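The block underneath contains the structure these notes are about, expressed in structure tokens.
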Amino acid sequence: MVTTSTSATTPIAVPDVVGDRGTALVPSALSNRLEAHPDALRAFRSARHRFIDGDRIDMGRLAAELGVDRTSLFRWVGNRDQLLSEVLWSLAVPTLDAADRAVTATGPARIVGVLSHFVVDLIEASYFRVFLTREPSRALRLLTTTDSDVQRRFIAVVTSLVDEEQAAGRLDPAPLSARELASLLVRISESFTYADLISGEPPSADRARAAFEYILRPATHPTD
């Protein structure tokens with residue numbers, strides 16, 4: 001286990017596996033329910049399969065598929081946005097894990113590598129791009145706003161990476177805090193991953209990497 005400064009008071013122990021940290025640090029009502037209620041987990045898995053297949057998650061169709069009424073489904077998994085957010089993060093978890101495993105560097109280079117791999121995977125995931133194209137406004141709201149569980153978990157994960165490298169003496173986020181630096185890096189990731197929705201420009205993993213390297217450059221080459 002590692003600790004992170006995501007908490008404003010005392011450090012929180014978080015899983016060693018990078019992808020698991022987001023839910024551990026920023027649990028939701030649905031993530032808690034999935035651990036305790038088999039029916040909620042069954043509905044969630046069905047929705048996740050639909051999403052990966054490129055289908056729209058429709059609460060009415062999902063309820064019918066599960067053989068229950070909409071009231072029961074909403075009681076199990078919350079509303080559509082809550083369900084979508086949990087599905088989206090569940091797909092980010094293995095993507096972040098794979099990104100971290102692919103990077104052997106330490107210090108700023110580790111964070112650049114993890115985030116760059118993550119951006120590449122998001123841009124290349126066809127089912128994810130289908131969702132962004134089909135529901136652009138909802139996608140941006142669920143993925144990039146401060147109320148978003150997805151964004152808050154992403155920031156928590158990146159904060160934990162910064163904390164690790166700072167604790168090892170390999171990175172100094174000053175004059176920002178670890179969380180402030182993580183928030184900036186996440187915003188950069190979003191800007192280039194969802195560039196087509198935000199500015200009409202094509203998404204670019206190369207430009208994202210260049211921006212990550214630029215932001216972390218002072219930590220790589222400190223001045224006296």
Side-chain angles (χ1 to χ4, degrees), residues 1 6 12-101 118-119 121-160 186 189-190 193-194 197:
M1 303 288 282
T6 299
I12 299 174
V14 296
D16 292 325
V17 179
V18 168
D20 291 339
R21 297 177 185 177
T23 306
L25 291 165
V26 187
S28 68
L30 179 51
S31 68
N32 290 331
R33 202 174 298 126
L34 293 177
E35 296 182 357
H37 297 281
D39 287 330
L41 183 59
R42 181 165 62 97
F44 167 78
R45 286 175 172 168
S46 181
R48 191 175 188 272
H49 285 311
R50 281 189 174 277
F51 188 91
I52 293 173
D53 288 342
D55 295 335
R56 183 180 186 276
I57 295 178
D58 179 276
M59 300 299 277
R61 288 175 56 195
L62 181 59
E65 177 184 315
L66 296 168
V68 299
D69 57 31
R70 288 171 60 94
T71 301
S72 296
L73 180 62
F74 277 84
R75 187 171 63 251
W76 294 348
V77 299
N79 60 35
R80 184 169 182 265
D81 282 354
Q82 291 170 311
L83 178 57
L84 269 171
S85 293
E86 208 64 39
V87 167
L88 287 165
W89 183 252
S90 76
L91 296 169
V93 167
T95 307
L96 285 165
D97 289 343
D100 192 46
R101 288 195 302 270
F118 187 61
V119 170
D121 287 341
L122 289 183
I123 291 174
E124 294 181 352
S126 57
Y127 60 84
F128 187 59
R129 305 313 300 186
V130 167
F131 168 64
L132 296 180
T133 301
R134 184 175 57 225
E135 302 185 64
S137 296
R138 174 173 268 109
L140 286 178
R141 176 164 52 80
L142 296 182
L143 292 164
T144 68
T145 62
T146 55
D147 291 333
S148 159
D149 284 340
V150 176
Q151 189 197 72
R152 293 191 297 128
R153 286 171 174 174
F154 191 12
I155 290 173
V157 168
V158 180
T159 300
S160 75
V186 166
S189 172
E190 294 168 349
T193 302
Y194 313 125
L197 305 185

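Values below: all heavy atoms of this structure, side chains included; hydrogens, waters and symmetry mates excluded. Bear in mind that the values here come from a model prediction, so they are computed numbers and not experimental data.
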Partners meeting side-chain contact (heavy atoms from CB on, under 4.5 Å) with Ser189 (sequence neighbours left out): Val119, Phe154, Thr193, Phe212
Distance check, rounded to the nearest 0.5 Å: Ile123 atom CD1 versus Phe118 atom CZ? 11.0 Å
Student check: side-chain heavy atoms of Val150 and Leu142 closer than 4.5 Å: no
Please list, one pair per line, the donor and acceptor atoms closer than 3.5 Å that link side chains of residues 77-94 to other protein atoms, with sequence neighbours excluded.
{"from": "Asn79", "atom 1": "OD1", "to": "Asp81", "atom 2": "N", "distance (Å)": "3.1"}
{"from": "Asn79", "atom 1": "OD1", "to": "Gln82", "atom 2": "N", "distance (Å)": "2.8"}
{"from": "Arg80", "atom 1": "NE", "to": "Ile57", "atom 2": "O", "distance (Å)": "2.6"}
{"from": "Arg80", "atom 1": "NH1", "to": "Glu135", "atom 2": "OE1", "distance (Å)": "3.0"}
{"from": "Arg80", "atom 1": "NH2", "to": "Ile57", "atom 2": "O", "distance (Å)": "3.3"}
{"from": "Arg80", "atom 1": "NH2", "to": "Glu135", "atom 2": "OE1", "distance (Å)": "3.3"}
{"from": "Arg80", "atom 1": "NH2", "to": "Glu135", "atom 2": "OE2", "distance (Å)": "2.8"}
{"from": "Asp81", "atom 1": "OD1", "to": "Arg138", "atom 2": "NE", "distance (Å)": "2.7"}
{"from": "Asp81", "atom 1": "OD2", "to": "Arg141", "atom 2": "NH1", "distance (Å)": "2.6"}
{"from": "Asp81", "atom 1": "OD2", "to": "Arg141", "atom 2": "NH2", "distance (Å)": "3.3"}
{"from": "Gln82", "atom 1": "OE1", "to": "Asn79", "atom 2": "N", "distance (Å)": "2.7"}
{"from": "Ser85", "atom 1": "OG", "to": "Asp81", "atom 2": "O", "distance (Å)": "2.9"}
{"from": "Glu86", "atom 1": "OE1", "to": "Ser28", "atom 2": "OG", "distance (Å)": "2.9"}
{"from": "Glu86", "atom 1": "OE2", "to": "Arg153", "atom 2": "NH1", "distance (Å)": "3.0"}
{"from": "Glu86", "atom 1": "OE2", "to": "Arg153", "atom 2": "NH2", "distance (Å)": "3.4"}
{"from": "Trp89", "atom 1": "NE1", "to": "Thr23", "atom 2": "OG1", "distance (Å)": "3.2"}
{"from": "Ser90", "atom 1": "OG", "to": "Arg48", "atom 2": "NE", "distance (Å)": "2.9"}
{"from": "Ser90", "atom 1": "OG", "to": "Val87", "atom 2": "O", "distance (Å)": "2.7"}

Is the closest basic N to carboxylate O distance between Asp53 and Arg50 below 4.0 Å? no
Is the closest side-chain heavy-atom distance between Leu143 and Glu190 below 4.5 Å? no
Under 3.5 Å: donor-acceptor pair, side chain of Ser160, backbone of Val157: yes
Return yes if some donor-acceptor pair links the side-chain N/O of Ser46 with the main-chain N/O of Arg42 below 3.5 Å, else return no. no
From OG1 (Thr146) to CD1 (Ile155), nearest 0.5 Å: 8.5 Å
Which pair of non-hydrogen atoms, one from Arg152 and one from Val26, has the smallest distance, and what is that distance? NH1-CG1, 3.5 Å
What one should report as the nearest heavy-atom pair of Ala63 and Leu73 is N-CD2, 3.8 Å
Do Phe44 and Leu41 pass the side-chain contact (heavy atoms from CB on, under 4.5 Å) test, and can you show the C-alpha distance, the side-chain angles, and the key distance before you say yes or no? CA-CA 5 Å; Phe44 167 78; Leu41 183 59; 4.3 Å; yes
Heavy-atom closest contact (Gln151 atom, Thr144 atom, distance): NE2-O, 2.8 Å
Around atom CZ of Arg45, are there more than 12 heavy atoms from other residues, nucleotides or ligands closer than 6.0 Å? no
Measure the spacing between CZ of Phe74 and CG of Asp69 and express it to the nearest 0.5 Å. 10.5 Å
Quick check: closest heavy atoms across Gly19 and Leu96, and the distance to 0.1 Å? CA-CB, 4.2 Å
With sequence neighbours left out, what residues match Pro27 under side-chain contact (heavy atoms from CB on, under 4.5 Å)? Ser31, Asn32
Shortest non-hydrogen contact from Pro136 toward Leu197: CB-CD2, 3.9 Å
Within the distance-only criterion (no hydrogens, no angle test), does the side chain of Arg33 pair as donor or acceptor with the backbone N or O of Trp76 below 3.5 angstrom? yes
Atom of Leu34, atom of Ala40 and distance for their closest heavy-atom approach: CD2-O, 3.5 Å
